[in-house]
Amino acid sequence: MGHWKTLLASSILLFIAAFNALPQEANYRHYTDRNGNIVFAQKLTWQRYENIDHYRIEIEEISKTSRRAKVLDKTTEENSIEVNLPAGTYRYRISIYNVLGNLETKSDWKEFEIFKATQPKISSISPENVEIEKDAEDKRKTLGLTGENLLRQSKYRIEDEGGMSEGKVETANGNSASVTFDFQGFPAGEYKLTVKNPGGLESEKAFTLTIKEPEPVVEEPEIEEPIEEEPIVEEPEPIEEEPEIEEPAEPVEEEPKIEEPEIEEPEPVEEEPEVEEPEEPVEEEEDGEPFDFDLDMAIGAGLSMQIFGREYTGGQFYEEFFGSRLVFPRFDARVSFLPIKTRIGNFGIGVSGDFVHVKNEVERRYKSYTLTGNIYSALGEAVYQKSIGRFTLDIHAGAGMQNFQGFSFDFSTPDGSYSTEKIDSSSIVLGGGCGVQFTIWKGLYAEAEIGFKYTAELEMGTIEPKIMLGWKF
């Protein structure tokens with residue numbers, strides 16, 4: 001089943017696959033310091049992952065000679081960081097550290113560029129009066145702008161109460177720009193075109209939008225063509241047909257009927273009565289009835305307590321993951337078939353199984369979690385029983401499989417909750433037990449038993465006291 005540290009680490013494994021696939025974002029803003037100077041700030045934001053210990057962010061500057069110079073190496077518990085860097089080209093990388101403080105994964109390097117904070121200005125818009133056909137399917141128009149600091153990286157937008165149209169930059173060289181806007185859904189009226197440069201500085205300019213009505217279509221009068229009358233054709237008078245003369249039908253000769261002779265049925269023959277032969281007497285076996293056997297079926301409940309095993313950080317296996325050396329309740333069932341009966345006792349085979357649900361809640365300040373899962377066991381056993389009055393000694397031992405099914409961590413944080421993928425595993429198990437049955441009424445009996453189980457993969461042993469109720473057929 002592998003080392004169970006992997007179960008705890010699985011709370012982070014889902015982050016690894018998604019980390020490199022989700023984009024990280026770079027946001028710009030500006031503010032004015034105490035001296036009245038505009039300060040440019042770069043905010044880096046990445047995907048938030050719950051139940052991790054911290055992030056590490058590394059930033060390097062990329063020079064024109066492609067040399068790398070590290071400008072920042074910092075750890076943080078937040079999923080963003082704001083830095084003040086001069087204009088230039090940079091790249092950054094995010095590393096994730098799990099709740100154990102170990103590195104889980106690193107993102108790829110992502111480049112970003114910081115521009116000098118410049119104040120844009122729109123001097124003119126061409127045309128100032130934008131005309132759009134009312135029924136036109138394509139309502140895109142390209143506007144020419146002149147001014148200062150009109151960059152390709154700038155955002156060009158036109159907004160009103162009904163929506164927003166962000167322009168597509170065709171050309172931009174600082175002093176002029178050509179931008180295409182989609183005016184679909186915009187009514188006629190006065191609008192403002194806004195340009196916003198990296199860093200947050202912006203400028204605007206007003207223009208007019210006119211919706212042109214379609215020109216009326218003049219219909220030409222239709223010329224009536226003369227209708228030609230079809231000549232009247234006289235239909236000829238109907239010709240009377242002569243009546244057909246029916247010829248007399250020839251007489252049909254009837255075939256003579258042939259009478260079938262009657263067949264006399266034979267008289268029934270009386271059968272002679274069968275003479276029953278006398279049955280031979282069956283000799284009874286001297287040693288008892290044939291196929292004499294015992295069949296026991298029982299169900300019950302108990303507990304599991306680990307008594308030895310490998311040591312982990314928090315103790316043995318049960319203490320490390322279940323929070324206690326004792327797991328309760330555990331539900332048991334057993335069927336025993338004993339066909340061999342002798343003076344020293346009865347011998348046979350059996351099948352036993354048990355089920356236990358595990359739930360371990362760990363409360364922490366920031367990283368609380370709940371571990372849940374189920375444990376199933378099934379064993380084939382050799383069984384020995386010896387009756388002494390109303391008591392029966394029962395000893396059984398065998399081997400089988402133990403399954404850990406659906407184990408997962410559910411993390412709870414102030415920002416929400418998260419569940420890891422479910423983990424299933426199995427191991428060979430050796431087990432046995434010794435119990436005493438007490439006959440209550442007819443085949444009904446109660447049994448007290450002490451069992452033992454050894455899980456090979458985990459190298460651990462448990463004792464399992466239980467009480468069962470059964471019926472002996």
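For the numbers below, each heavy atom of this structure counts, side chains included, while hydrogens, waters and symmetry mates do not. FYI, the numbering just counts along the sequence from 1. This is a predicted model, so every value here is computed, not measured.
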(message) Quick check against the 3.5 Å criterion: does T76 have a side-chain atom that pairs as donor or acceptor with the backbone of E78?
(response) yes
(message) For the aromatic rings, using the six-membered ring if either is Trp, is the centroid distance between F438 and Y445 under 6.0 Å?
(response) no
(message) Checking side-chain polar atoms at under 3.5 Å, does D182 have a donor or acceptor matched by the opposite partner on S165?
(response) no
(message) Does this structure show an ion pair linking D73 with R56, if we count only N-O contacts that are shorter than 4.0 Å?
(response) yes
(request) Determine yes or no for a side-chain-to-main-chain donor-acceptor pair under 3.5 angstrom, with N346 supplying the side chain and K341 the backbone. (result) no
(message) Working note: F293 + F473, criterion ring pair (Phe, Tyr, Trp, His ring centres under 6.0 Å); need CA distance, chi angles, decisive distance, verdict.
(response) CA-CA 9 Å; F293 62 88; F473 293 89; 9.7 Å; no
(request) May I ask you to decide if G345's main-chain N or O and T342's side chain share a donor-acceptor pair within less than 3.5 Å? (result) yes
(message) Between S427 (side chain only) and E457 (backbone N and O only), is there a donor and an acceptor less than 3.5 Å apart?
(response) yes
(request) Taking atom CE of M297 as the centre, report whether more than 12 heavy atoms of other residues, nucleotides or ligands fall under 6.0 Å from it. (result) no
(message) Regarding K466 and E449, does a basic nitrogen lie under 4.0 Å from an acidic carboxylate oxygen?
(response) yes
(request) Check the side chains of N374 and Q405 for a donor-acceptor pair under 3.5 angstrom, ignoring hydrogens and angles. (result) no
(message) Over 60° means perpendicular and under 30° means parallel, so tell me whether F186 and F183 are parallel, tilted or perpendicular.
(response) perpendicular
(request) Answer whether the closest heavy-atom distance between the side chains of L458 and F404 falls below 4.5 Å. (result) yes
(request) Starting from the C-alpha separation in whole Å, work towards a yes-or-no answer on side chain to side chain contact (heavy atoms under 4.5 Å, CB included) for T462 and T455. (result) CA-CA 9 Å; T462 57; T455 305; 5.9 Å; no
(message) Could you go through T45 and N79, starting from their C-alpha distance and side-chain angles, then the distance that decides it, and tell me whether this counts as side chain to side chain contact (heavy atoms under 4.5 Å, CB included)?
(response) CA-CA 6 Å; T45 304; N79 66 316; 4.2 Å; yes
(message) Assess the residue pair I388 and L393 against the criterion (side chain to side chain contact (heavy atoms under 4.5 Å, CB included)); give the C-alpha distance rounded to whole Å, side-chain angles, the decisive distance to 0.1 Å, and a yes or no.
(response) CA-CA 8 Å; I388 305 173; L393 174 66; 5.7 Å; no
(request) For side chain to side chain contact (heavy atoms under 4.5 Å, CB included), just list the numbers for L209 and I132, CA-CA rounded to whole Å, side-chain angles, deciding distance to a tenth of an Å, and then say yes or no. (result) CA-CA 8 Å; L209 176 64; I132 301 293; 3.7 Å; yes
(request) Would you check if Q316 and R310 make a side-chain contact, meaning some heavy-atom pair closer than 4.5 Å? (result) no
(request) Kindly say whether S408 contributes a backbone atom to a donor-acceptor pair with the side chain of T420 at under 3.5 angstrom? (result) no
(request) Could you please spell out the steps behind the salt bridge (charged side-chain N to carboxylate O under 4.0 Å, His left out) verdict for E111 and R91? (result) CA-CA 4 Å; E111 291 190 6; R91 68 174 188 171; over 6 Å; no
(message) For the backbone of L371 and the side chain of N360, can you confirm whether one donor and one acceptor N or O come within less than 3.5 Å of each other?
(response) no
(request) Establish, from distance only, whether the side-chain atoms of T180 and R140 form a donor-acceptor pair under 3.5 Å. (result) no
(request) Drop me the distance from M460's CE to Q306's CD, to the nearest 0.5 angstrom. (result) 5.5 Å
(message) Between E58 and K74, does any side-chain N to carboxylate O distance fall below 4.0 Å?
(response) no
(request) Answer yes or no: is there a side-chain heavy-atom contact under 4.5 Å between Y376 and M401? (result) no
(request) May I ask you to say whether R157 pairs ionically with E166, meaning some side-chain N is under 4.0 Å from a carboxylate O? (result) yes
(message) Quick one: does any side-chain atom of K472 pair with a main-chain N or O of T439 as donor and acceptor, under 3.5 Å?
(response) no
(message) Using every non-hydrogen atom in the two residues, find where P339 and G348 come nearest and quote the distance to one decimal.
(response) CD-CA, 3.9 Å
(message) Side chains of L143 and F181, heavy atoms from C-beta outward: is any pair under 4.5 Å?
(response) yes
(message) Check this for me: L326, atom CG, are more than 12 non-hydrogen atoms of other residues, nucleotides or ligands nearer than 6.0 Å?
(response) yes
(request) Give me the ring orientation class for Y384 and F347: parallel if the planes are under 30° apart, tilted from 30 to 60°, perpendicular past 60°. (result) tilted
(request) Taking all heavy atoms of P187 and all of G185, pick out the closest pair and write down the distance. (result) CD-O, 3.5 Å
(request) Give a yes or no on whether the backbone of N102 and the side-chain of N98 come within a donor-acceptor separation of less than 3.5 Å. (result) yes
(message) How about CD1 on I428, more than 12 heavy atoms from neighbouring residues, nucleotides or ligands closer than 6.0 Å, or not?
(response) no
(request) Using only heavy-atom distances, determine whether the side chains of D296 and Q385 contain a donor-acceptor pair under 3.5 Å. (result) yes
(message) Is the shortest side-chain heavy-atom distance between N197 and L151 below 4.5 Å?
(response) yes
(message) Other residues, nucleotides and ligands only: do more than 12 of their heavy atoms fall within 6.0 Å of CD1 on I299?
(response) no
(message) Here's a test for you: under side chain to side chain donor-acceptor pair (under 3.5 Å), which of K453, Q402, R334 qualifies with D354?
(response) K453
(message) Tell me if the NZ atom of K141 is crowded by more than 12 foreign heavy atoms within 6.0 Å.
(response) no
(message) I'd like to check V383 versus I349 (side-chain heavy atoms, cut-off strictly below 4.5 Å). Are they in contact?
(response) no
(message) Given 3.5 Å as the limit, does a donor-acceptor pair link the side chain of E459 with the main chain of A456, or not?
(response) no
(message) Using the side chain to side chain contact (heavy atoms under 4.5 Å, CB included) definition, which of the options D332, V327, L303 pairs with V356?
(response) V327
(request) To the nearest 0.5 Å, tell me how far I375 CD1 sits from S304 OG. (result) 7.5 Å
(request) Compare all side-chain heavy atoms of S336 with those of L295 and state whether any distance is below 4.5 angstrom. (result) no
(request) Measure the spacing between CD of E361 and NZ of K359 and express it to the nearest 0.5 Å. (result) 4.5 Å
(message) Return the CD1 to CD1 distance between I57 and I94, rounded to the nearest 0.5 Å.
(response) 4.0 Å
(request) Establish, from distance only, whether the side-chain atoms of E61 and T89 form a donor-acceptor pair under 3.5 Å. (result) no
(message) Whether the side chain of R152 engages the backbone of E170 through a donor-acceptor N/O pair (distance < 3.5 Å, no angle test) should be reported.
(response) yes
(message) Just checking F322 against F317, ring centres under 6.0 Å apart?
(response) yes
(message) Testing the basics here: between N149 and S154, what is the closest heavy-atom pair and its distance to 0.1 Å?
(response) O-OG, 4.3 Å
(request) Go through Y55 and Y97 one step at a time and tell me if the ring pair (Phe, Tyr, Trp, His ring centres under 6.0 Å) criterion holds. (result) CA-CA 6 Å; Y55 306 95; Y97 288 80; 9.5 Å; no
(message) Ignoring hydrogens, what is the shortest heavy-atom contact between A172 and L150? Give both atom names and the distance.
(response) CB-O, 3.7 Å
(request) Using side chain to side chain donor-acceptor pair (under 3.5 Å) as the criterion, list what pairs up with E381, not counting sequence neighbours. (result) S352, H396
(request) Would you give the length of the straight line joining atom CD of Q47 to atom OG of S107, rounded to the nearest 0.5 angstrom? (result) 12.5 Å
(request) With the side chain counted from C-beta on, respond yes when T171 and V169 share a heavy-atom pair under 4.5 Å apart, and no when they do not. (result) no
(message) Within the supplied structure, the quantity of interest is the number of heavy atoms (other residues, nucleotides, ligands) at a distance under 6.0 Å from K70 NZ; does it exceed 12?
(response) yes
(request) Kindly compute the distance separating CD1 (I395) from SG (C434), expressed to the nearest 0.5 Å. (result) 4.5 Å
